[in-house]
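Take a look at the structure set out below.
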Amino acid sequence: MSKLRKYHTYKKARDDAIVFPPKYTSLSETPENQPAFEVNEMVERLPKPKPGDWLFEREESGQTVSAYQRQIKPGGQYLTPHVAINKILLVPIGKSFSSSIGQMFLPLLTRLCSDFFTGFDVETHPTCVSLKGVTRRENEHGNPQYKIGEIFSKINTETSRDHKVYCRLGITLEDIYPNDDYNFVYGQARMIERCGVFSFSRHSPLFDDGSPSTATPPPPTLSKFFRRCVKTMTHEITHMLGIRHCIYYQCLMNGNNGGGERAAKSSFYCPVCLRKVATMLSLAQGSPINLMERYVNMKNGWESVISTFEAESLGIRNDIRWLALKIQFMGGGGAMCIECDDVPKFVGSDSEEEGIETGVEGNEGGDPLLIRSSEELLNLLASISDHSKLSFQPKTPLAESSSSTLAFNIMKYAIPRSPPTLRACYNSLKLATPSHPNVSSFLFNDQTVSQGSHFDWWMFPTRHVGKFLFSSASANVFLVADSSSFSELIDQDIYLLSGSVKVAVVNYAILISACVRSVPHLGGVRNTKVQSFLNNCGKYTKHKHVLEDTLEIRSKLPRARLEDWMSI
């Protein structure tokens with residue numbers, strides 16, 4: 001990986017990026033706004049890029065506050081808004097916005113856009129721009145797909161007389177493509193013209209079913225679909241303010257490669273991007289923007305929007321919760337303790353982006369999130385406030401004919417019922433009391449455990465396993481017979497459930513690695529057991545992301561001598 005791709009991971013680069021240059025002035029740099037620009041527990045830096053991430057595949061140098069101020073200075077690269085030119089115009093495209101879902105979404109998008117870009121006047125073009133005459137073809141599902149370049153021409157023709165418009169965003173529920181070399185495109189922006197065209201078609205949970213763009217998803221997934229549209233809309237409008245992708249923190253402005261992307265988890269700006277946006281908002285209204293009022297407006301907007309949907313999404317609930325804590329942090333509700341409030345460091349986790357609804361019983365809409373690292377799993381769990389309904393279940397039920405295998409017995413006897421931690425496991429071991437509640441319900445699914453058991457052996461099976469793990473006939477069920485049985489176990493996929501809702505899918509090795517990450521210090525024989533397990537995972541897993549995750553964790557543990565009997 002080049003140094004450029006590592007650039008965003010350096011603390012000095014992040015600190016330098018947020019500094020406002022002393023030779024410039026901004027209406028937004030008021031004492032009241034300064035708390036909003038602080039880097040605190042509500043902000044999380046980006047992880048080191050890995051294969052599949054946007055920053056791993058693209059070299060982006062970032063955009064500091066100083067660089068942005070140079071670009072927007074008088075005579076600079078960008079035309080800045082002012083009270084005479086401060087309108088954001090949303091332009092509905094095609095007949096799709098005449099459908100029931102279009103009629104529902106359009107006023108809600110306008111309301112939230114107005115709250116998000118306080119200081120700008122946000123309006124919707126009074127008529128839908130017709131797609132008549134635009135070149136079209138069929139997409140992979142046989143539905144119409146329109147050429148985006150000709151849509152730009154339509155927008156320019158329809159909106160050219162409105163001289164108060166600062167930027168225009170064409171939005172459509174139709175599928176679009178740039179040219180014959182591409183299967184599709186989500187959208188494009190022309191920065192000089194400050195005009196963009198973006199399609200929400202492929203955000204729909206019904207797209208892969210081949211349903212038409214005007215089809216309305218069922219209630220459990222409708223609010224999730226809408227939230228995706230809002231994030232796309234606000235991200236792209238921010239680009240038209242001259243702001244590039246963020247490479248510093250979890251942020252709305254991170255580049256996003258789609259499923260599995262470890263950045264772009266947040267629905268809001270990081271402090272670096274907020275400082276840049278605040279300058280433009282102040283210029284648009286001709287007076288200092290009050291960021292506290294902006295957050296209050298956004299919170300009120302989302303609270304009014306969710307009443308429209310029969311079932312709100314986990315992501316929307318987390319967004320409202322984050323906004324409430326941000327307001328509290330800025331002085332709108334007294335002192336705040338991040339840890340006590342259990343606030344996620346960022347909001348809008350992959351659980352939302354992958355179509356997961358943890359607040360609706362029996363939802364089967366959308367594929368569960370694929371967890372690719374133990375850190376992702378811990379972040380997901382941190383974003384879920386109520387763990388009482390969480391449980392684990394094997395993705396593929398194991399046949400009774402395989403009852404003698406390691407994987408079968410682990411899945412049957414030792415899958416934890418709720419999110420496990422090594423600390424709970426070790427505390428149970430220290431207590432040496434089988435009646436401790438963690439032993440039966442938290443760790444072992446109500447199996448009887450003998451007092452002489454090593455409670456942590458189930459997590460780290462090796463060739464050597466203490467006898468009498470269970471007092472029942474299942475003694476020695478975790479003995480590793482050979483490398484193939486171990487490989488079968490660690491690559492077993494497991495569902496994380498909330499009630500009957502499939503929240504995420506994670507393999508056994510990642511689940512146990514998450515337990516390891518939850519304990520800050522490991523020493524002695526347990527450190528050796530953990531390292532032997534991680535070492536064996538790296539040798540026998542079939543998945544590259546498991547190999548990378550286990551090696552990363554092991555590199556951070558104290559050095560330990562691995563005995564021969566611990567190798568498989």
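With hydrogens and angles left out, the side-chain atoms of Thr279 and Gln69 include a donor and acceptor closer than 3.5 Å. Inspection of the His125 and Thr159 side chains reveals no N or O donor paired with an N or O acceptor under 3.5 Å. Looking at Gln250 and Ser266, their side chains never bring a donor and an acceptor atom within 3.5 Å of each other. Defined by atom type and a distance below 3.5 Å, a donor-acceptor pair is present between the side-chain atoms of Ser26 and Ser28.
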Before giving the answer on ring-ring contact (aromatic ring centres under 6.0 Å, His included), spell out for Phe225 and Phe105 the whole-Å C-alpha distance, their side-chain angles and the decisive distance to 0.1 Å.
CA-CA 10 Å; Phe225 176 27; Phe105 276 18; 5.4 Å; yes

Side chain to side chain contact (heavy atoms under 4.5 Å, CB included) between Val65 and Val19, intermediate numbers included:
CA-CA 6 Å; Val65 173; Val19 174; over 6 Å; no

Show, in sequence, the C-alpha distance, side-chain angles and deciding distance for Lys147 and Tyr177, and conclude whether the side chain to side chain contact (heavy atoms under 4.5 Å, CB included) test is met.
CA-CA 5 Å; Lys147 195 167 187 177; Tyr177 73 102; 3.9 Å; yes

Do Tyr269 and Thr238 pass the side chain to side chain donor-acceptor pair (under 3.5 Å) test, and can you show the C-alpha distance, the side-chain angles, and the key distance before you say yes or no?
CA-CA 10 Å; Tyr269 299 124; Thr238 306; 2.5 Å; yes

Let me see the working for Ser374 and Asp549 under side chain to side chain donor-acceptor pair (under 3.5 Å), right down to the final yes or no.
CA-CA 7 Å; Ser374 52; Asp549 192 64; 3.0 Å; yes

Take Arg294 and Phe116, measure what side chain to side chain contact (heavy atoms under 4.5 Å, CB included) needs, and give me the verdict at the end.
CA-CA 7 Å; Arg294 174 179 175 269; Phe116 204 89; 3.7 Å; yes

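With rounding to the nearest 0.5 Å, the separation of CG in Leu173 from CD1 in Ile101 is 6.5 Å. Here the CD1-SG distance, from Ile237 to Cys113, works out to 3.5 Å after rounding to the nearest 0.5 Å. To the nearest 0.5 Å, atom CG of residue Leu46 and atom SG of residue Cys270 are 8.5 Å apart. For the atom pair Ser373 OG and Ile371 CD1, the distance stands at 7.5 Å (nearest 0.5 Å). With rounding to the nearest 0.5 angstrom, the OG atom of Ser267 is 9.5 Å from the CD1 atom of Ile316. The CG atom of Leu109 sits 5.0 Å away from atom CE of Met233, with the distance rounded to the nearest 0.5 Å.
Between Ile306 and Ile320 the shortest side-chain heavy-atom distance falls below 4.5 Å. For the pair Asn139 and Phe207, the minimum side-chain heavy-atom distance is below 4.5 Å. Residues Leu131 and Ile93 meet the side-chain proximity criterion, which asks for heavy atoms closer than 4.5 Å. Contact of the Val546 side chain with the Ile510 side chain is registered, since non-hydrogen atoms from C-beta on lie closer than 4.5 Å. The shortest side-chain heavy-atom distance between Arg227 and Asp319 falls under the 4.5 Å cut-off.
Scanning for side chain to side chain donor-acceptor pair (under 3.5 Å) contacts around Asp491 gives Thr541, with sequence neighbours left out. A search for side-chain contact (heavy atoms from CB on, under 4.5 Å) contacts involving Gln63 returns Tyr68, Gln71, Ile243, Arg244, Lys276, not counting sequence neighbours. Residues passing the ring-ring contact (aromatic ring centres under 6.0 Å, His included) test with Phe117, sequence neighbours excluded: none. Partners of Asp121 according to the side-chain contact (heavy atoms from CB on, under 4.5 Å) rule, which considers only residues two or more places apart in sequence or in another chain, are Asn86, Lys164. For the salt bridge (Lys or Arg N to Asp or Glu O under 4.0 Å) test, residues two or more places apart in sequence or in another chain that qualify with Asp115 are Arg111. Under the salt bridge (Lys or Arg N to Asp or Glu O under 4.0 Å) criterion, Glu29 pairs with Arg275, not counting sequence neighbours. Looking at residues two or more places apart in sequence or on another chain, you find no salt bridge (Lys or Arg N to Asp or Glu O under 4.0 Å) involving Glu158. Not counting sequence neighbours, the partners of Asn179 by the side-chain contact (heavy atoms from CB on, under 4.5 Å) test are Asp181, Tyr182. Annotation: side-chain contact (heavy atoms from CB on, under 4.5 Å) contacts of Leu27 (sequence neighbours excluded): Ser282, Pro288.
For the salt bridge (Lys or Arg N to Asp or Glu O under 4.0 Å) condition, the pairs that include at least one residue of residues 196-212, sequence neighbours left out, are Glu140-Arg202, Asp175-Arg202. Residue pairs meeting the side chain to side chain donor-acceptor pair (under 3.5 Å) criterion with at least one partner in residues 16-25, sequence neighbours excluded, are Lys12-Asp16.
Classified by interplanar angle (parallel below 30°, tilted 30° to 60°, perpendicular above 60°), the ring pair Phe268/Trp322 is parallel.
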Could you list the donor-acceptor pairs under 3.5 angstrom formed by side chains in residues 190-198, with sequence neighbours left out?
| from | atom 1 | to | atom 2 | distance (Å) |
| --- | --- | --- | --- | --- |
| Arg194 | NE | Tyr166 | O | 2.6 |

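Judged by distance alone, the side chain of Ser204 and the main-chain N or O of Ser201 form no donor-acceptor pair under 3.5 Å. Under a 3.5 Å cut-off, the side chain of Ser199 and the backbone N or O of Glu174 do form a donor-acceptor pair. In this structure, Gln145 contributes its side chain and Asn183 its backbone to a donor-acceptor pair below 3.5 Å. In this structure, Thr80 contributes its side chain and Ile72 its backbone to no donor-acceptor pair below 3.5 Å.
Between Asp162 and Arg168 no salt bridge is recorded (no basic side-chain N to carboxylate O distance below 4.0 Å).
Between Phe200 and Phe226, the ring center distance fails the sub-6.0 Å criterion.
The minimum heavy-atom distance between Ser61 and Tyr248, with the atom names listed, is O-OH, 4.1 Å.
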